[in-house]
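Since the structure is predicted, the reported quantities are computational estimates derived from the model, not experimental observations.
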Amino acid sequence: MILFSASPRPIMQKAQPVMQKALISYRFCSVSELRQAGSITRWVDELKDEITALYCKNEIKVWSSICPHYGGDFHVDCKTGEMRCKWHDWRFSTESGELKNRKLKLKLRSYDFAEEDGYLVISSK
Amino acid sequence: MKLVERDFENILNVAAAVAWWNHWDHEHLTVVHKNYTDAKLLFEDERMIVQLVSYRVPVFSFLISHSMGTVICTRRDGGGGTFQQFNQGLLGIPSVSTITVEPLDDDRCVIKTNYKFFLHGWTKLLAPVLYRMMAKWNNQVWQEDLPLKLRRQKVLRHGFKDFVGMPDLVEDRKCEGPLDLKMPLPRPQDSPVNEYLYGILKAKRPAAD
């Protein structure tokens with residue numbers, strides 16, 4: 001006598017399409033312009049954010065330059081490696097984006113970027 | 001006693017909540033305003049603060065006034081309300097500054113400022129100087145605060161959240177409808193304005209962590 005064990009079978013579900021958020025790309029500035037200036041800050045309507053691109057220690061970093069405290073803007077200083085909020089003197093590292101002078105774990109938003117045809121192209125969802 | 005009084009009025013394209021935020025944000029005084037050299041809180045709740053402030057006297061900026069002042073606010077339904085700052089500064093001259101915020105719509109408000117100085121004895125001679133000084137002070141403080149209010153309005157209308165930042169997704173970066181503000185404003189416990197606050201009260205207050 002053969003017993004058929006009613007072992008559970010995986011229920012086959014109809015495959016659901018995965019909705020990907022569209023990536024928004026924006027040509028922010030020329031890389032040569034950034035290297036010369038050291039930092040460039042602009043409001044970007046397409047991304048609805050104010051963005052600062054930095055060229056510090058031969059490296060490019062791209063941060064949101066809206067202070068996560070109350071929304072202030074920054075003095076950017078590549079020599080000290082600090083972005084200093086003009087409203088409340090909160091200081092963030094240009095390297096890591098982390099808050100340095102308050103006992104809070106806050107960080108600036110970073111943006112993905114690529115160099116294309118000599119331009120810095122920033123992208124976000 | 002002689003009363004010296006002056007009024008100023010401005011219409012601004014910001015929500016009343018933004019004006020409240022600016023006036024109740026004690027941390028920005030010494031960072032944004034050139035004339036303020038020190039600001040420490042001794043007491044704070046949702047309606048009242050007692051503060052120690054030091055500021056350079058307008059026109060005579062080599063003089064620094066050190067004073068203890070009280071600010072009381074009265075907020076009304078609909079976003080409007082009044083701040084009153086009671087102070088006794090340089091030369092012991094009592095003053096009352098009254099700021100009234102009246103919303104016109106979700107993104108516009110009227111800010112009315114009234115300054116009163118109460119002069120006794122020989123200080124009555126200072127009346128004409130104080131009258132001009134009030135305009136210089138008001139204009140300077142207004143110009144220094146203006147970019148803050150406009151930027152704050154802009155980021156809030158793009159969905160900004162205090163101590164968080166902008167929303168992760170671009171499509172979420174918007175905010176419609178009336179803006180609100182809860183007071184007192186949260187601050188990290190190691191904020192410079194708190195230096196004497198916890199020592200005196202040892203009371204819990206909203207913290208940002």
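For the pair B/R187 and B/E44, the minimum side-chain heavy-atom distance is below 4.5 Å. Contact of the B/I64 side chain with the B/H66 side chain is registered, since non-hydrogen atoms from C-beta on lie closer than 4.5 Å. Side-chain contact between B/Q51 and B/Q85 is present, with at least one heavy-atom pair separated by less than 4.5 Å. Looking only at side-chain heavy atoms (C-beta outward), A/I122 and A/D112 stay at 4.5 Å or farther from each other. Looking at B/K149 and B/Q153, their side chains never come closer than 4.5 Å, going by heavy atoms from C-beta outward.
Near-neighbour residues of residues 18-34 of chain B relative to chain A, defined by a heavy atom under 4.5 Å from a heavy atom of that chain, comprise B/W21, B/D25, B/E27, B/H28, B/V31, B/V32. Scanning residues 90-101 of chain A against chain B with a 4.5 Å heavy-atom cutoff picks out A/W90, A/N101, ordered by number. Proximity to chain B among residues 25-39 of chain A is not found for any residue, judged by heavy-atom separations below 4.5 angstrom. At a heavy-atom cut-off of under 4.5 Å, chain A is reached by no residue from residues 92-117 of chain B.
The part of A/E46 that comes within reach of chain B is its backbone (N, CA, C, O), which places non-hydrogen atoms under 4.5 angstrom from that chain. The parts of B/V170 that come within reach of chain A are both its backbone and its side chain, each placing non-hydrogen atoms under 4.5 angstrom from that chain. With a 4.5 Å cut-off on non-hydrogen atoms, B/K161 touches chain A through its backbone but not through its side chain. In this structure, the portions of A/R102 lying under 4.5 Å from any heavy atom of chain B include both its backbone and its side chain.
The side-chain tip of A/K48 does not point at the ring of A/W43 from less than 6.0 angstrom away and within 45° of straight on. Cation-pi geometry between B/R6 and B/Y131 is met: the NZ or CZ atom falls under 6.0 Å from the ring centre, inside 45° of the normal.
Here the straight-line distance linking atom OG of B/S54 with atom CG of B/L52 works out to 7.5 Å at 0.5 Å rounding.
Cysteines A/C78 and A/C56 have SG atoms closer than 2.5 angstrom.
Most heavy-atom pairs under 4.5 Å with chain B, from the set A/L47, A/D89, A/I24, A/L108: that is A/L47.
In summary, the side chains of A/D49 and A/Y111 do present a donor paired with an acceptor at a separation below 3.5 Å, with no hydrogens or angles considered.
For the pair B/D190 and A/K103, the salt-bridge criterion is not met [side-chain N within less than 4.0 Å of a carboxylate O].
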Check your understanding: Do B/V193 and B/K40 pass the side-chain contact (heavy atoms from CB on, under 4.5 Å) test, and can you show the C-alpha distance, the side-chain angles, and the key distance before you say yes or no?
Key -> CA-CA 4 Å; B/V193 301; B/K40 304 281 187 223; 5.6 Å; no
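Across B/P184 and B/E46, no two heavy atoms sit closer than the pair CD-CA, 3.6 Å.
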